[in-house]
Structures are given as structure tokens and as C-alpha cells.
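Proteins come first, then strands; the chains are lettered A, B, ... in the order of their sequence lines, and each starts at number 1.
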Number of protein chains: 2
Amino acid sequence: MELTNKQITVIFKALCDENRVQIFRLLQNGEKCACKLLEAMQCTQPTLSHHMKILCDSGLVNGRKEGKWMYYSISAEGTEAAVNVLRELTKVSESGECCCT
Amino acid sequence: MELTNKQITVIFKALCDENRVQIFRLLQNGEKCACKLLEAMQCTQPTLSHHMKILCDSGLVNGRKEGKWMYYSISAEGTEAAVNVLRELTKVSESGECCCT
DNA sequence: CATACATATCGAAAATTGTCAATATGGTTT
DNA sequence: AAACCATATTGACAATTTTCGATATGTATG
């Protein structure tokens, strides 16, 4: 599965914002509903909703709807995939000599 | 070594931009000087310089000056640290039950 | 030392992203 | 169905980021 550069940026955009990093911290001890996250965050409900969309799009977070509540949790598959992408992208395949003499 | 949320965002900002992802691809087969990177990229010299600064600040890339040339390479320590941060931040410490009944 | 070259910095414009108030949507309860 | 609640979406504005031309800095070379 080859990801485009664009797709890779989508993954790591999840971690480019302080608020979203904080959301990860909140999700570390298990699934939480949006209302609990909102309580803990210093932002409005629409802003939280926006961040959760970015997190879900990145694949690092899963969303699950139950009645009128929305539950979010860290995705094991997503995070493993992200680690692999990071590894792959920063792997040095010792070969090329460079450059300007 | 505890990183703040802000410091974490600095690391992953490196991978939030398509051009910078492309730069990682170029650095995968070893150290390259700025002029070679510039040849391969579709941007001007000041723009490349800006991206290289962000990459170096993230710790994922090392810069080395030699005469009037600047050589860049992927940092083994930096990338390992980034993987650890990603792992740590997305680790679920099974405990909390949630939430709204 | 004057010129040429590689890269960095500055300042401004364009593009993207984060934020919120207002409102819509979809589910639940009386 | 009407009122209510949780979350999503919209539209506008603020903040940040990307980009580039112009210029500065530092190094090598004639």
C-alpha cells in the first residue's frame, strides 16, 4: 500500500496542533465521548468537532456513534500504520553519494 | 524527558507539508546538499531554506555546513525519538471507563 | 580586494488552518 | 409531535503557514 505525500501529511496533521495532542492524552485511558472531551478542553463545541474530524480523517482516532453520543478512541491499526509510515519515510537506504565536490 | 504538547507539534510539523515529505524521500539515499535538493524540488531557494529550517528544528533532519555548502541528512536519533513520541502519545493505558450513560 | 557563488534572512502577499456564533441534523424523551 | 439534547455544519474572521522577490551573510576564487 503506497501512500502519496499528500496522504502522509493527512496522517501527521493530526499531531500538528496542541489541542489535538491534548486530545490524544485524554484518549489514552480509553474511549471517551465528545462531551467529556469538551469539558476538558478550552474550546467551543464546534471547534472540538472540527478537531475530531481531522483526527478521524487521519486514521489515528476512531469514532463510534451510539444514540446521540459520539465516542472516540485511539485506533490501534491507525497508530501502528502511522508508526510504519514514519519508519518507512525516515529510513535511510544507504546508497547514494553526494554531491557538490 | 517530558515533552510539552507544543514541542510535540514541532516534531510532527515536519511531516505536515507535501514538500517536506518529498524532501525526506530525497534524503533517504543519503546526505544531500541544499543545491541538489533545490534541483529536485519545485520551489525557489528561499522556500527550500525555510523548509530545511523547519526540518532541522524538528530534530528529524541534521544540517552540516562545509565551506559554502550545506549538507542535510535524516537524523537517526531524531527519527527514533519521533517514533517513541508517536508510540507514547498513542499508547492506550487501559483503565478509564466512560462516560455518559 | 573584488567578484562569484551558496545559503540564510527579511518583508509582503497568498494560501491554509483554527476559531467561534449561529444554525442544522439526528436521536431521545415527555 | 413537541421540546430537548448532543454533535455536525456553515460562514465569517483571526491566526498561522507557505511562498517568493529582494537582499544580507559568509565562503571561495581570480
Exercise. Quickly work out the A/K6 NZ to D/dT18 C1' distance and round it to whole Å.
Key: 13 Å

Exercise. Before giving the answer on side-chain contact (heavy atoms from CB on, under 4.5 Å), spell out for B/F24 and B/V61 the whole-Å C-alpha distance, their side-chain angles and the decisive distance to 0.1 Å.
Key: CA-CA 9 Å; B/F24 272 101; B/V61 168; 4.1 Å; yes

Using a 3.5 Å cut-off and no angle test, enumerate the donor-acceptor pairs between side-chain atoms of residues 38-52 of chain B and protein atoms at least two apart in sequence or in another chain.
residue: B/T44; atom: OG1; partner: B/T47; partner atom: OG1; Å: 3.2
residue: B/H51; atom: ND1; partner: B/R20; partner atom: NH1; Å: 3.1

Exercise. Using modelled atom types only, decide if a donor and an acceptor are shared between the side chain of B/K32 and the backbone of B/L26 within a distance under 3.5 Å.
Key: yes

Quiz prompt | Interatomic distance, B/D57 atom CG to B/I11 atom CD1 [nearest 0.5 angstrom] | solution = 11.5 Å

Quiz item: In whole Å, what is the span from the CD atom of B/E18 to the P atom of D/dT17?
Solution: 18 Å

Exercise. Check whether more than 12 heavy atoms from other residues, nucleotides or ligands sit under 6.0 Å from atom CD of A/E18, and answer yes or no.
Key: yes

Exercise. Let me see the working for A/T9 and B/L15 under side-chain contact (heavy atoms from CB on, under 4.5 Å), right down to the final yes or no.
Key: CA-CA 6 Å; A/T9 66; B/L15 299 156; over 6 Å; no

Self-check item: Whole-Å gap separating C1' (D/dA28) and CE (B/M70)
Solution: 17 Å

Self-check item: Hydrophobic cluster membership, A/V10 vs A/V85, 4.5 Å side-chain cutoff
Solution: no

Quiz item: Would you say A/E80's side chain and A/E77's backbone share a donor-acceptor pair under 3.5 angstrom?
Solution: no

Self-check item: Donor-acceptor contact present, side-chain B/Q28 to main-chain A/E88, <3.5 Å
Solution: yes

Quiz item: With respect to the side chain of B/N19, which nucleotide from D/dT19, C/dT7, D/dA8 is positioned closest?
Solution: D/dT19

Quiz item: Quick one: on DNA chain C, does A/K13 or A/E66 contact a more 5' nucleotide (nearest heavy atom)?
Solution: A/K13

Under 3.5 Å, which N/O atoms of the protein pair with N/O atoms of nucleotides 28-30 of chain C?
none

Quiz item: Atom CG of B/L86 and atom CZ of A/R87: how far apart are they, to the nearest 0.5 Å?
Solution: 9.5 Å

Distances under 3.5 Å only, N/O to N/O: pair up the protein atoms with those of nucleotides 20-25 of chain D.
residue: D/dC20; atom: OP2; partner: B/T44; partner atom: N; Å: 3.1
residue: D/dC20; atom: OP2; partner: B/T44; partner atom: OG1; Å: 3.1
residue: D/dC20; atom: OP2; partner: B/T47; partner atom: OG1; Å: 2.8

Quiz prompt | Euclidean distance, atom CG of residue B/L15 to atom P of D/dT18 [Å, nearest integer] | solution = 12 Å

Self-check item: Verify same cluster id: A/L55, B/V92 (apolar side-chain graph, 4.5 Å)
Solution: yes

Quiz item: When hydrophobic residues are tied together by side-chain contacts of less than 4.5 Å, even through go-betweens, does B/V83 share a cluster with B/I8?
Solution: yes

Quiz item: What is the distance from NZ of B/K65 to C1' of C/dA6, rounded to the nearest Å?
Solution: 9 Å

Using a cut-off of under 3.5 Å, enumerate the N/O to N/O pairs linking the protein to nucleotides 11-15 of chain C.
none

Quiz item: Do A/L60 and B/L3 belong to the same hydrophobic cluster, where Ile, Leu, Val, Met, Phe, Trp and Tyr are linked whenever their side-chain heavy atoms lie under 4.5 Å apart, directly or via other members?
Solution: yes

Quiz item: Taking atom P of D/dA8 as reference, at what distance in whole Å does atom CG of A/L37 sit?
Solution: 11 Å

Self-check item: Worked check of side-chain contact (heavy atoms from CB on, under 4.5 Å) between A/F12 and A/S58
Solution: CA-CA 7 Å; A/F12 294 104; A/S58 78; over 6 Å; no

Quiz item: More than 12 foreign heavy atoms under 6.0 Å from CZ of B/R25: is that the case here?
Solution: yes

Quiz prompt | Terminal axes of the helix from C/dC1-D/dG30 to C/dT30-D/dA1 (five pairs each): angle between them, nearest 10 degrees | solution = 20°

Practice problem: Quickly work out the B/K32 NZ to C/dA6 C1' distance and round it to whole Å. | Solution: 18 Å

Quiz item: How long is the gap from CG on A/L89 to CD1 on B/I74, to the nearest 0.5 Å?
Solution: 7.0 Å

Practice problem: Calculate the interatomic distance between B/L48 atom CG and D/dT19 atom C1'; express it in whole Å. | Solution: 12 Å

Quiz item: For DNA chain D, which residues in residues 51-64 of chain B have a heavy atom at a distance below 4.0 Å?
Solution: B/H51, B/I54

